[in-house]
Amino acid sequence: MADITTTTAAVFIPELWSMETLRQQEAALVVAPLVKRYDSLVKGRGDTVHIPEVSNLVANDKVANTDVTLQSITEGERTIAIDQWKEASFLVEDIVKVQSNYDLMSEYTSKAGYAIAKSIDTFLLGLYSTWTNPAVGTYGVNVDDNEIVAALQALDEANAPLEDRAIILKPSQKAALMKLDKFVKADFLGQYANPTPVKRGPNNRYLWGEIYGTPVYYTTQVATTAGTPVQTHNIAFHKEAMALALQLAPRTQGTYWQRSLGWLVSVDTIFGANALRLDHGVEMKS
């Protein structure tokens with residue numbers, strides 16, 4: 001039987017292309033605005049930031065008819081090496097630019113900018129390993145109320161101010177906390193007209209809410225270490241636990257590259273980052 005099928009008539013059936021593109025999803029980048037910044041100090045010069053430390057003095061008993069006790073302190077310093085130069089580049093050949101229905105220059109420039117911002121976030125989130133506070137929790141076990149209380153206690157004992165603290169969790173750990181009645185049920189909170197403490201911030205859709213007065217953010221950017229189980233390094237910290245010095249804000253440059261007959265676009269940045277107050281951050285294992 002000589003039927004006309006979609007196979008035999010394939011040349012007559014058009015393939016349709018949407019004018020919209022399906023961009024790869026991007027992780028939440030939340031850390032850089034939450035840390036101590038030294039951008040203005042390094043603009044256009046220098047390769048190291050030196051931050052002198054100032055120790056506390058002690059109160060001594062004053063004995064009559066004797067001199068005061070002089071205190072001599074040898075101070076240390078924290079440094080930030082401006083040693084990170086990141087770039088994301090691509091080239092769009094003329095034939096693609098001429099024949100494509102899509103503005104690929106714009107699409108990939110946006111993605112290059114995201115790649116640069118992500119590299120800064122990733123670097124900062126890896127600084128948890130330099131903190132001196134013992135980690136709380138257990139790898140492979142969800143964060144719960146005990147870990148949050150222990151982490152905040154560690155910050156309290158380090159005299160970290162209540163202001164400018166933050167908690168950053170993997171989405172799986174945000175989900176685990178949402179299952180704890182005390183954080184979401186009105187009868188635990190005594191707020192029947194407002195049954196949840198979870199309030200999104202006005203400028204950050206990844207601010208999940210507050211727990212014990214500390215803002216809680218979530219992102220897939222939280223550092224992990226492969227293994228069995230996978231080790232997830234959630235963090236609780238004060239702003240001065242980490243410092244960022246952005247010497248060259250992400251810049252975009254484009255030029256026509258005749259050798260390749262195409263447009264070369266690069267986005268790059270120069271920065272340095274380091275742990276600042278080593279007792280102002282706590283890893284929360286999960």
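Remember, predicted model here, so these are calculated numbers, not experimental data. Positions are given from 1 along the sequence.
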> Examine I116 and F123 and state if one hydrophobic cluster contains both, with Ile, Leu, Val, Met, Phe, Trp and Tyr joined whenever side-chain heavy atoms are less than 4.5 Å apart.
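I116 and F123: separate clusters.
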> Roughly how far, to the nearest 0.5 Å, is OG1 of T214 from CD1 of I211?
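Going from CD1 on I211 over to OG1 on T214, the span is 8.5 Å.
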> What distance do R277 atom CZ and E53 atom CD have between them, rounded to the nearest 0.5 Å?
8.5 Å
> Report the distance from atom CD of Q253 to atom OG of S89, rounding to the nearest 0.5 Å.
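These two atoms lie 9.5 Å from each other.
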> Are any non-hydrogen side-chain atoms of Y108 and V265 less than 4.5 angstrom apart?
no
> Apply the side chain to side chain contact (heavy atoms under 4.5 Å, CB included) test between L244 and each candidate in V31, I120, N274; give the one that qualifies.
I120
> In the single-linkage hydrophobic clustering (I, L, V, M, F, W, Y; side-chain heavy atoms under 4.5 Å), do V96 and F90 co-cluster?
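Linked, V96 and F90 end up in one cluster.
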> With no hydrogens and no angle check, just 3.5 Å: does a side-chain donor-acceptor pair link Q173 and T232?
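On atom types as modelled, these side chains do not qualify, holding no pair under 3.5 Å.
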> Is it the case that the side chains of E75 and S55 hold a donor-acceptor pair, with the cut-off being a distance below 3.5 Å and no angle test?
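A pair is found: one side chain offers a donor N or O, the other an acceptor, under 3.5 Å apart.
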> With a 4.5 Å limit on heavy-atom distance, are the side chains of M178 and K174 in contact?
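A side-chain contact under 4.5 Å exists here.
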> With a 6.0 Å cut-off on the ring centroids, do W263 and Y256 count as close?
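Yes, the ring of W263 comes within the 6.0 Å limit of the ring of Y256, centre to centre.
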> Under 3.5 Å, which donor-acceptor pairs link side chains of residues 154-163 to any protein atom two or more places apart or in another chain?
| from | atom 1 | to | atom 2 | distance (Å) |
| --- | --- | --- | --- | --- |
| D156 | OD1 | R165 | NH1 | 3.1 |
| D156 | OD1 | R165 | NH2 | 2.7 |
| E157 | OE2 | Q153 | NE2 | 3.0 |

> Could you pull out every donor-acceptor pair under 3.5 Å between side chains of residues 279-286 and any protein atom, sequence neighbours left out?
| from | atom 1 | to | atom 2 | distance (Å) |
| --- | --- | --- | --- | --- |
| E283 | OE2 | Y139 | OH | 2.8 |
| E283 | OE2 | H233 | ND1 | 2.7 |
| S286 | OG | N234 | ND2 | 2.8 |

> Is R251 salt-bridged to D268, going by a charged N under 4.0 Å from an acidic O?
yes
> Is I270 isolated, or which residues cluster with it under the ILVMFWY side-chain rule of less than 4.5 Å, directly or via members?
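Members besides I270, by chain and number: Y38, L41, V42, V49, I51, I80, I82, W85, L248, L276.
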> Drop me the distance from Y128's OH to F237's CZ, to the nearest 0.5 angstrom.
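Separation between the atoms: 15.0 Å.
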> With a 4.5 Å cut-off on side-chain heavy-atom distances among I, L, V, M, F, W and Y, is there a chain of contacts connecting L278 to V136?
no
> With side chains defined as the heavy atoms from C-beta onward, is the minimum distance between I148 and L152 less than 4.5 Å?
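I148 reaches L152 side chain to side chain.
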